[in-house]
Amino acid sequence: MTFLKQNKISMIAGTAILTIALAFGGYSFASHSFEAGVSGDNIPDNTHILLNDVKLKKGDILPVYDSSPNYITGHILLSSPCEPVSKGDDTYQPKVSLVAGHVDEAADATYLAPVPLYYINFVSNAPDTCIFHAHIPDPINDGSTTEGDGKLETAPKVTDIALVNLSDKKIKFKSTHMVDINVQSVLGSISGAYEHGPHVDLSRNMIYDLNDDDHTNDGLGHSGGAGGH
Amino acid sequence: MFSKNTSILMFAAVASTMLLTVSMSEDAFAHGRIVHDFTMDNGKERALSIVLGHTNEPTRAQEDGKWAGEHPVEIFLRDARTNLNISGASLMVDKFFWADEAAYIADDSPKETDVRAGGAHGQPGKYHARQILAEPGFYGYRVHGDVTYFDGTVVPIDFQAVCRDAPASMKSDFNTPGFLGGFGCTTDIDDGKFPG
């Protein structure tokens, strides 16, 4: 079987799995301990942004959600061009970075840090299109790859979500690239949440991968077993 | 500009909204809170926010034909940094009751111990222990058990508090330091009548 044919079959299988998962409302993905999914009549707020033909120069920022003055819980699906986390790695990182926190009109109340991202290899077609999940907020996992001073903890309270080009090259998105933000609940007012800022950590996202042989990058808080994350 | 009926309707709507807001505020504030710091297994500092009170505050004691007196102990468990609800905790409540301060001085032991506070179905982070408050007076609770944090760290908790209208000497003696705010003491259903 040729590589091209194998890849096609993987893509078809991956698309089928993704379709089934989305048809079940994302519950099969929400098995992290801090995502307390419940049945009920409240319909989540969903924002789906197609990124096709969007170009981000080095340093460009593309805000994709702002829930101010309330901080929220939610789930993010990111489809992006990608590259290995390190040379030869089978875990991929998006070329664009995903940051979250609170961008206040006053700089000292601003907190912005990278979000922990989960790479979903079986629905990805690296390096053209990789699928990532993120949980808002993630109370336990590091999102930042900064070492030492300047490293921020993942934002505990989130109103703002944005894509940033932290690479040295222009990023050009294609028709398979998008970001989908599913907001499930409002937890409170952001007023007074952050002070003595601005607190900003613009580093590439920490990538977690539950499906490779390396279990040091599994992250914390997932329930494991069948059903996925 | 508006007809008389329209004006009355608008006034009634505004008044109803104000009344509803006031009653909801009462519910929201008639609880006490304690923050419990702990260290995750990976060394990071975190904190639990534990809120204690009764359902349907203000509470009144049961009286036949007037008031059922159903006011379960209500506990809300959240991650203090993110405000995310924490489910799956194993919580117990020891229950105390005194008619007055003299009764407290005479015997400060619990009336019931290790009553389970179970998770409320479909409401992650909310726990309650069902009960009917039988008499007006000072109710106090010791909450103890284990909370499993999101990463799997098991956090033992143990604190106690008496209702907020108890004498200051009782509260300073009984309450765990750091317990802020409070839940209301239980009154006779007839105490709230107007004109009395």
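So you know, we letter chains A, B, ... as the sequences are listed, proteins then strands, and number each from 1.
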Worksheet item: Distance from Glu153(A) atom CD to Glu45(B) atom CD, nearest 0.5 Å?
Response: 10.0 Å
Worksheet item: For Leu187(A), does its backbone N or O pair with a side-chain atom of Asn83(B) as donor and acceptor, under 3.5 Å?
Response: yes
Worksheet item: Under a 4.5 Å heavy-atom cut-off, does chain A meet the side chain of Arg46(B), its backbone, both or neither?
Response: side chain
Worksheet entry | Distance in Å, Tyr149(B) OH paired with Ile140(A) CD1, rounded so as to fall on 0.5 Å steps | 7.0 Å
Discussion item. Tell me whether Arg81(B) contacts the main-chain N or O of Lys157(A) through its side chain, where contact means a donor paired with an acceptor under 3.5 Å.
Written reply: no
Worksheet item: For Asp151(B), is it the side chain, the backbone, both, or neither that has a heavy atom closer than 4.5 Å to a heavy atom of chain A?
Response: both
Item to complete: With side-chain contact (heavy atoms from CB on, under 4.5 Å) as the test, would you mind laying out the steps for Thr82(B) and Tyr71(A) before giving the verdict?
Response: CA-CA 9 Å; Thr82(B) 60; Tyr71(A) 61 97; over 6 Å; no
Discussion item. Within the supplied structure, the quantity of interest is the number of heavy atoms (other residues, nucleotides, ligands) at a distance under 6.0 Å from His48(A) NE2; does it exceed 12?
Written reply: yes
Item to complete: Against chain A, label Asn42(B) side chain, backbone, both or neither, depending on which of its atoms sit under 4.5 Å from a heavy atom there.
Response: side chain
Worksheet entry | CD/Glu101(B): more than 12 non-hydrogen atoms of other groups inside 6.0 Å | yes
Discussion item. Among Asp142(A), Asn141(A), Thr73(A), which residue has the highest count of heavy-atom pairs closer than 4.5 Å to chain B?
Written reply: Asp142(A)
